[in-house]
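Notes to accompany the following structure.
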2 protein chains.
Amino acid sequence: MKLIYTGKTKNVYAVEDGNYLLKFKDDVTGENGVFDPGANTVGLTIEGAGRAGLKLTKHFFEVIKEKGIPTHYIDANIEEATMKVKAATVFGKGLEVICRYRGVGSFLKRYGGYVTEGQPLDAFVEVTLKDDGRQDPPITVDALEMLGILSKAEYEIIKDLTRKIAAIVKEELEKKSIELYDIKFEFGRDNCSGEVLLIDEISGGNMRAYKDGKYIEPLLLERLMLA
Amino acid sequence: MKLIYTGKTKNVYAVEDGNYLLKFKDDVTGENGVFDPGANTVGLTIEGAGRAGLKLTKHFFEVIKEKGIPTHYIDANIEEATMKVKAATVFGKGLEVICRYRGVGSFLKRYGGYVTEGQPLDAFVEVTLKDDGRQDPPITVDALEMLGILSKAEYEIIKDLTRKIAAIVKEELEKKSIELYDIKFEFGRDNCSGEVLLIDEISGGNMRAYKDGKYIEPLLLERLMLA
């Protein structure tokens with residue numbers, strides 16, 4: 001098993017059978033000890049956060065896979081906090097694809113001249129570059145294509161998958177009377193088939209969820225969802 | 001004559017005949033006394049800068065109009081540093097539409113993970129919101145439409161006009177062996193017909209121009225172009 005990537009909240013290993021193994025850490029993103037899914041730094045370490053994130057990820061990936069969405073998910077080992085996935089390669093140096101149901105976070109920061117906090121948005125999809133040093137800049141489909149990061153056809157596939165997956169997660173949350181405000185996904189190309197796959201994780205750290213108008217922290221979200 | 005808008009480098013007045021009058025000031029954008037077309041603050045005041053900017057604007061608007069591009073330009077009075085234009089309304093609170101032939105400025109700042117300084121770009125068009133407090137954030141066509149700033153059809157018209165106008169300016173500069181790196185335009189809707197028009201000005205302050213690999217300051221550009 002060979003370490004091929006050290007992430008902020010996960011490490012990625014190449015396994016002998018050609019697949020990858022994701023090892024979930026107890027680190028979560030945030031600033032000054034406060035969790036923030038939009039942050040680019042590890043803000044705090046919470047014992048059990050890795051396993052809790054994996055449990056919710058396993059749940060969502062199994063629901064999503066069942067609905068016929070292509071994902072990298074193979075199986076998960078909660079005890080070891082690991083997830084076996086198909087080997088895939090990110091677009092460029094990695095993209096974040098965000099689906100927004102309400103105007104909060106970086107969207108509000110950028111477009112606060114036109115939106116009010118929490119204003120409903122119609123499953124709005126946008127792409128940002130994973131680039132901590134440049135504060136994950138937003139990027140248009142024209143720029144993605146010009147810079148050779150992805151083609152317009154791939155962009156359309158990703159936009160369509162993002163809306164479908166976000167709708168599935170939203171529906172799952174609604175079963176527990178929780179409202180999804182926004183969620184971010186990562187996609188990659190399957191190293192064997194080239195197919196566009198949903199990769200990475202889907203846990204509390206990827207989304208903003210609210211219950212009775214109050215923000216739900218990732219660990220609480222995981223407890224509420226899997227209760 | 002009624003003052004209807006006070007800009008950083010121009011004031012706009014409503015005239016009795018229904019048109020607008022733009023009064024060019026000697027203020028130019030920049031920081032700490034250094035000119036920067038990408039800056040959101042007035043960096044310095046140069047005597048004659050307003051008139052010089054108007055002279056070049058008059059030149060470009062006349063060439064552009066001749067090629068059948070719809071603009072707000074009616075005529076100019078160099079002595080008084082004023083330009084008479086059709087009354088038009090900006091999209092939302094104003095947009096900047098940029099055409100890029102080389103990767104410099106805010107494009108390089110955002111996408112420096114994928115481009116090198118000065119790398120050739122294929123007349124790349126992008127839109128930013130005019131919002132000094134939010135550092136003129138870039139925005140996608142999907143967001144422009146969702147926020148009610150412009151329609152997809154208007155976006156396509158603006159993108160097409162931007163490429164055409166930038167190509168005209170580029171050609172004009174090439175006649176003096178000057179290379180256009182990037183240029184920003186503003187567009188509006190004609191208050192009478194609703195037609196999309198090129199508005200504002202086209203002077204040294206709107207573009208980055210280089211000669212023999214050296215950046216040309218706006219006032220020098222205006223002298224070289226009109227010599």
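Quick caveat: nothing in here was measured; it's all calculated off a predicted structure. Naming convention: chains lettered A, B, ... in sequence-line order (proteins, then strands); numbering from 1 in each chain. Just so you know, these numbers use all the heavy atoms, side chains as well, and skip hydrogens, waters and symmetry mates.
- B:Arg134 and A:Lys109 get closest at one heavy-atom pair: CD-O, 3.1 Å.
- With chain A as the partner, the residue from B:Ile149, B:Asp136, B:Val141, B:Val125 showing the most heavy-atom pairs under 4.5 Å is B:Ile149.
- Residues of residues 114-123 of chain A placed with any heavy atom under 4.5 Å of a heavy atom in chain B are listed by number as A:Tyr114, A:Val115, A:Leu121, A:Asp122.
- Atom CD of B:Glu174 has more than 12 neighbouring heavy atoms from other residues, nucleotides or ligands inside a 6.0 Å radius.
- Contact between A:Tyr111 and B:Ile139 at its shortest, heavy atoms only, is OH-CA, 3.4 Å.
- Across all their heavy atoms, B:Pro138 and A:Arg110 have their closest contact at O-CD, 4.5 Å.
- Looking only at side-chain heavy atoms (C-beta outward), B:Leu147 and A:Phe124 stay at 4.5 Å or farther from each other.
- With a threshold of 4.5 angstrom between heavy atoms, B:Asp142 approaches chain A through its backbone and through its side chain.
- At a heavy-atom separation below 4.5 angstrom, chain B is approached by A:Tyr155, A:Lys159 within residues 155-169 of chain A.
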